[in-house]
Protein chains: 2
Amino acid sequence: MTTTAERSLASNVTKAEAWRAYFETTALLTTQLEKLMKAESGLDFGDFNLLLVLSETPGQRLRLGELAKAVAFGPGRLTYRIDQLVRRGLVERRPCPEDRRGFEAVLTPEGHRALRRARPLHARHVNDLLLDHLTDEQAQMLLEVFGPLRSRLTS
Amino acid sequence: MTTTAERSLASNVTKAEAWRAYFETTALLTTQLEKLMKAESGLDFGDFNLLLVLSETPGQRLRLGELAKAVAFGPGRLTYRIDQLVRRGLVERRPCPEDRRGFEAVLTPEGHRALRRARPLHARHVNDLLLDHLTDEQAQMLLEVFGPLRSRLTS
DNA sequence: GTTGAGTAGTTCAGATTTGAAATACCCGTG
DNA sequence: CACGGGTATTTCAAATCTGAACTACTCAAC
């Protein structure tokens with residue numbers, strides 16, 4: 001027979017294993033993806049995600065704070081990264097009219113081109129490493145797990 | 001009617017969304033976990049994982065290279081981190097008898113204690129942030145997705 | 001045993017990240 | 001309009017990470 005306590009214990013064991021698998025594998029996955037991306041396009045993961053977020057926003061512009069939240073960067077890190085992108089001409093830093101404390105990052109045409117070049121590489125690697133190995137149900141489940149989690153963590 | 005092409009397109013869209021949710025949420029999650037861990041125990045994520053891996057190994061010792069693989073650290077990074085841990089007395093670096101090029105990291109009693117202290121904190125946060133929100137089926141699925149992926153990436 | 005290709009770890013310089021101030025501005029209240 | 005607490009971003013030093021040499025050793029072939 002299986003008691004409630006035993007069932008809940010078994011569940012916790014599975015959950016612990018799930019955490020380990022998820023956590024350790026994610027480290028491997030992002031490491032490898034990062035390496036591939038940096039080697040093949042000139043954009044590392046951080047660059048790519050910043051440009052991606054910008055590209056999806058109306059006017060391809062975003063307040064620095066919003067951008068920071070979107071990619072989970074602290075303020076110092078964001079300033080540094082944006083400086084880098086500005087120096088490379090992929091992004092413009094422009095003072096914000098409504099709030100003189102603020103700035104917005106604007107995707108430049110170069111930035112757009114760089115993103116366009118990098119995107120298929122990125123997609124290919126993500127497919128190769130992860131998505132092609134997922135059933136539709138698994139993908140659905142990932143969405144159901146991480147979507148709500150994102151809201152919870154963001155709020 | 002739904003053609004094969006349309007179905008596969010829909011599937012790819014879901015998969016792309018799943019990737020975004022997974023990837024972005026993981027960044028948020030690890031950031032917050034890192035912050036909580038560092039604040040409450042003296043161990044950050046890297047320390048914790050190194051000690052954890054060591055603690056699970058027979059004799060609580062492991063060749064540096066193995067350890068590096070286990071936590072997905074490059075060689076320079078591992079040397080740096082192990083130095084840190086040695087300095088704090090949590091790990092001992094000991095020459096390897098069978099191979100004079102090599103060293104093994106050994107968990108010290110202090111290291112064991114530090115891990116013992118940190119573990120419940122870690123578990124609590126992981127539960128709060130993620131595991132408590134998962135159904136058993138979802139946990140099972142995470143295991144089924146990331147377990148094989150780990151093997152694939154490790155090999 | 002000498003040579004030479006390969007492996008384990010370290011070192012070092014440069015790049016990036018962190019965390020804690022510092023600066024400039026916003027906004028509500030008196 | 002002056003005050004003061006809050007927000008947006010930058011700055012700076014210290015910590016950490018990366019990648020490319022470099023050192024010391026192994027192992028197999030000659």
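First the proteins, then the strands, lettered A, B, ... as listed; each starts at 1. Since this is a predicted model, take the numbers as computed values, not measurements.
- Taking the side chain to side chain donor-acceptor pair (under 3.5 Å) definition, one finds that Asn127(A) meets it with nothing, sequence neighbours left out.
- Residues forming a salt bridge (charged side-chain N to carboxylate O under 4.0 Å, His left out) with Glu40(B) (at least two apart in sequence, or on another chain): Arg124(B).
- If you take CZ of Phe45(B) and P of dT16(D), they are 16 Å apart, rounded to a whole angstrom.
- In this entry the distance linking CZ of Arg81(B) with P of dT18(D) reads 10 Å, nearest Å.
- The side chain to side chain donor-acceptor pair (under 3.5 Å) search around Thr30(A) returns none, not counting sequence neighbours.
- Between the CG atom of Asp44(A) and the C1' atom of dG19(D) there is a distance of 14 Å, rounded to whole Å.
- Sorted pairs that involve residues 63-79 of chain A and meet side chain to side chain donor-acceptor pair (under 3.5 Å), not counting sequence neighbours, are lacking altogether.
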Fill in the blank from the handout: 5' to 3', nucleotides 5-14 of chain D under a 4.0 Å protein heavy-atom cut-off (B base, S sugar-phosphate only, - none) gives -BBSSBB---
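- The closest side-chain heavy-atom distance from Gln84(A) to Arg87(A) is below 4.5 Å.
- A ring-ring contact (aromatic ring centres under 6.0 Å, His included) check over residues 50-71 of chain A, counting only residues at least two apart or in different chains, returns nothing.
- In terms of the side chain to side chain donor-acceptor pair (under 3.5 Å) criterion, residue partners of Arg113(A) (sequence neighbours excluded) are, by chain and number, Glu110(A).
- Listed by chain and residue number, Phe45(A), Trp19(B) satisfy the ring-ring contact (aromatic ring centres under 6.0 Å, His included) test with Phe23(B) (two or more places apart in sequence, or in another chain).
- Near DNA chain D, meaning a heavy atom under 4.0 Å from it, residues 24-41 of chain B has no residue at all.
- Note on residues 46-81 of chain A: pairs passing ring-ring contact (aromatic ring centres under 6.0 Å, His included), not counting sequence neighbours, are Phe48(A)-His122(A).
- For DNA chain C, the span of nucleotides reached by chain B at under 4.0 Å from its heavy atoms goes, 5' to 3', from dG6(C) to dG19(C).
- When the side chain to side chain donor-acceptor pair (under 3.5 Å) test is applied to Asp83(A), the partners found at least two apart in sequence or on another chain are Arg93(A).
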